[in-house]
Amino acid sequence: MSEEEKVIAQETNETETRTPTEAAMEAPAETAAEVPVEAAAEAASEAPAEASAEEITETPAEPTAEASEAAAETPAAPATEAPTESMADYDAAITASMKPIHEGDILKGTVIGVSDEELTVDLGIYTDGIVRREDASDDPDFTFRDFEIGQEISATVIRRDNAQGRIQLSLKAAAAVLGWERLQQLQKDQTNITVKISEAVKSGVTAYVEGIRGFIPASKLALSYVENLDEYVGREIEVRVITAEPEGKHLVLSARDILREKEREERKQRISNVEIGLVTEGTVETIKDYGAFINLGKGLSGLVHVSQISQQRVKHPGDVLKEGQKVKVKVIAVKDGKISLSMKALEDVAAQEIEEETYKMPKAENATTSLASLFKNIKL
């Protein structure tokens with residue numbers, strides 16, 4: 001083989017060993033431009049799989065130490081599920097907001113605004129409600145200051161659309177229905193409530209409960225009949241509902257029953273502190289066939305049974321005692337909130353003291369004497 005043929009053969013071998021891609025890259029520009037698109041695609045598909053994998057796959061860079069620590073310190077975000085709301089929820093809200101409103105309806109709402117002259121109420125519908133002061137209560141001392149933001153109230157619709165496009169409400173009208181229901185429940189439960197006396201009227205005073213005017217008779221205002229009713233005007237007292245008749249708008253209150261219960265409780269407490277054997281002075285309060293009640297003061301009284309009046313037999317306490325008489329007594333028993341007294345026990349003590357104070361004769365050896373010793377110092 002000549003030298004020229006060897007050179008041609010070597011070039012041919014090198015050309016066969018190059019990939020179609022390398023050949024295309026080494027070809028002159030005009031040659032590369034002449035290569036059809038289909039041929040280039042076919043050449044690329046015939047490239048070894050290993051070369052493609054090496055070109056595509058790259059070894060990921062190892063994370064730095066700082067990045068690893070930061071990843072370790074960052075907590076994984078908890079997987080939370082978004083709250084799901086059904087169309088039923090929207091339907092209920094839409095239905096409530098579009099509910100037709102009529103005058104006379106009693107609506108519940110939440111107070112969202114308070115001023116001296118009105119309340120603003122969120123009714124959960126297309127507009128807010130307004131309660132003016134004159135529609136709140138007949139009580140001359142009424143004030144909106146007792147209401148708080150967020151407080152729930154019930155009020156009656158008296159106008160569906162006022163000048164401001166809001167619903168006008170009345171607490172008074174609602175109280176005429178709901179107030180009587182609550183008053184009847186208070187009467188049933190015998191619940192104590194605090195009221196402020198508004199004015200004095202004939203035979204009693206008035207006070208407002210749930211916006212409703214109530215009457216307290218003078219005989220129910222204290223433990224005893226009150227003559228000067230004006231002294232109670234403006235005072236706050238604790239009362240109970242004893243009559244609640246919505247048909248006749250008849251509301252009667254009483255403080256006396258509560259005062260009696262408190263008095264009994266206080267008396268029971270004082271009695272528990274009385275010691276048996278105590279000797280004290282009291283006043284005959286009431287005389288009965290079976291004995292006499294003695295007023296010991298501080299709201300305490302006790303009974304001297306007819307058998308404990310004297311050591312001598314007494315047929316009737318009135319034969320020995322009179323109402324208003326001052327006597328000394330001794331506490332002989334305290335049981336079931338009752339104090340038992342005795343006058344006879346003090347007679348026994350007095351007799352014992354007299355016996356102890358009697359003169360004692362001298363001893364026998366010192367008692368002997370003679371007439372000479374008796375007349376020794378007598379001068380004639």
Side-chain angles (χ1 to χ4, degrees), residues 104-111 114-119 121 129-158 168-226 228-263:
D105 289 348
I106 297 179
L107 305 180
K108 288 185 177 180
T110 304
V111 176
V114 181
S115 70
D116 291 338
E117 296 302 323
E118 64 181 22
L119 287 182
V121 185
I130 292 295
V131 180
R132 299 181 304 181
R133 191 182 182 282
E134 56 266 31
D135 296 322
S137 176
D138 289 328
D139 185 354
D141 297 325
F142 176 84
T143 175
F144 283 128
R145 295 176 185 176
D146 296 332
F147 289 81
E148 298 178 352
I149 301 296
Q151 180 178 344
E152 292 187 354
I153 65 170
S154 295
T156 299
V157 177
I158 57 176
Q168 194 166 326
L169 304 171
S170 171
L171 294 177
K172 286 194 301 186
V177 179
L178 302 178
W180 284 106
E181 292 179 0
R182 183 167 184 267
L183 290 171
Q184 289 176 324
Q185 189 63 44
L186 290 173
Q187 179 185 5
K188 180 180 178 181
D189 298 338
Q190 287 294 283
T191 304
N192 296 351
I193 55 176
T194 301
V195 299
K196 185 177 181 180
I197 305 301
S198 298
E199 61 177 339
V201 294
K202 184 179 180 181
S203 302
V205 296
T206 63
Y208 285 83
V209 185
E210 297 292 325
I212 298 172
R213 187 171 182 263
F215 176 66
I216 307 174
S219 60
K220 304 286 186 180
L221 193 55
L223 290 173
S224 57
Y225 186 86
V226 178
N228 188 359
L229 297 172
D230 291 329
E231 293 180 352
Y232 279 80
V233 176
R235 286 174 55 179
E236 289 188 350
I237 63 172
E238 205 171 14
V239 297
R240 285 180 187 160
V241 177
I242 58 175
T243 303
E245 299 175 353
E247 296 81 7
K249 296 183 179 180
H250 192 48
L251 175 62
V252 182
L253 311 172
S254 173
R256 187 177 62 181
D257 296 339
I258 299 174
L259 295 174
R260 279 181 174 176
E261 290 178 4
K262 289 183 177 181
E263 184 186 46

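On a predicted model such as this, the values are computed, not experimentally measured, just so you know. Note that these values count all heavy atoms, side chains included, but never hydrogens, waters or copies made by symmetry.
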Chemist: List the atom of Leu229, the atom of Val201, and the distance in Å for their closest heavy-atom pair.
Modeler: CD1-O, 3.6 Å

Chemist: Identify the two heavy atoms, one from Phe215 and one from Gly204, that lie closest to each other, and give their separation to 0.1 Å.
Modeler: CE1-CA, 3.7 Å

Chemist: Among residues at least two apart in sequence or on other chains, which ones pass ring pair (Phe, Tyr, Trp, His ring centres under 6.0 Å) with Phe142?
Modeler: Phe144

Chemist: Are the side chains of Leu178 and Arg182 in contact, using a 4.5 Å heavy-atom criterion?
Modeler: no

Chemist: Within the structure provided, determine whether Ile216 and Ile237 are in side-chain contact (heavy-atom separation under 4.5 Å).
Modeler: yes

Chemist: Determine the minimum heavy-atom distance between Ala174 and Ser154, stating which atoms define it.
Modeler: CB-O, 3.7 Å

Chemist: So how far is it from Glu118 CD to Leu169 CG, rounded to the nearest 0.5 Å?
Modeler: 11.0 Å

Chemist: Please list every donor-acceptor pair under 3.5 Å in which a side-chain atom of residues 242-250 meets a protein atom from a residue at least two apart or in another chain.
Modeler:
none

Chemist: Can you measure from NZ (Lys262) to CD (Glu238) and round to the nearest 0.5 angstrom?
Modeler: 4.5 Å

Chemist: Mind running side chain to side chain contact (heavy atoms under 4.5 Å, CB included) on Glu181 and Glu210 for me, showing each step along the way?
Modeler: CA-CA 10 Å; Glu181 292 179 0; Glu210 297 292 325; over 6 Å; no

Chemist: Run the side chain to side chain contact (heavy atoms under 4.5 Å, CB included) check on Val239 and Val209 step by step: do they pass?
Modeler: CA-CA 10 Å; Val239 297; Val209 185; 5.6 Å; no

Chemist: Which value, rounded to the nearest 0.5 Å, describes the distance between Leu251 atom CG and Ile212 atom CD1?
Modeler: 7.0 Å

Chemist: I want to check something: taking the side chain as every heavy atom from C-beta on, are Arg213 and Asp138 in contact at a cut-off of under 4.5 Å?
Modeler: no

Chemist: If only atom types and distance count, is the side chain of Ser137 paired as donor or acceptor with the main-chain N or O of Gly211 below 3.5 Å?
Modeler: no

Chemist: Can you list everything that forms a side-chain hydrogen bond (donor to acceptor under 3.5 Å, both in side chains) with Lys108? Sequence neighbours excluded, please.
Modeler: none

Chemist: Report the distance from atom CG of Asp230 to atom CD of Glu199, rounding to the nearest 0.5 Å.
Modeler: 10.5 Å

Chemist: Please report the shortest heavy-atom distance between Pro217 and Val252, naming the atom on each side.
Modeler: CD-CG1, 4.0 Å

Chemist: Look at atom CZ of Arg256 and say whether more than 12 heavy atoms of other residues, nucleotides or ligands are closer to it than 6.0 Å.
Modeler: yes

Chemist: Walk me through whether Leu183 and Gln187 qualify under side chain to side chain contact (heavy atoms under 4.5 Å, CB included).
Modeler: CA-CA 6 Å; Leu183 290 171; Gln187 179 185 5; over 6 Å; no

Chemist: Test Thr110 against Val121 for side chain to side chain contact (heavy atoms under 4.5 Å, CB included), laying out the working first.
Modeler: CA-CA 5 Å; Thr110 304; Val121 185; 5.7 Å; no

Chemist: Tell me, do Lys188 and Val241 make a side-chain contact under 4.5 Å, heavy atoms counted?
Modeler: no

Chemist: Which value, rounded to the nearest 0.5 Å, describes the distance between Asp135 atom CG and Ile158 atom CD1?
Modeler: 4.0 Å

Chemist: Side chains of Glu236 and Val195, heavy atoms from C-beta outward: is any pair under 4.5 Å?
Modeler: no

Chemist: Grab the two heavy atoms, one from Glu148 and one from Val111, that are nearest each other, plus how far apart they are.
Modeler: O-CB, 3.6 Å

Chemist: Calculate, to the nearest 0.5 Å, the distance between atoms CG and NZ belonging to Asp257 and Lys220 respectively.
Modeler: 6.0 Å

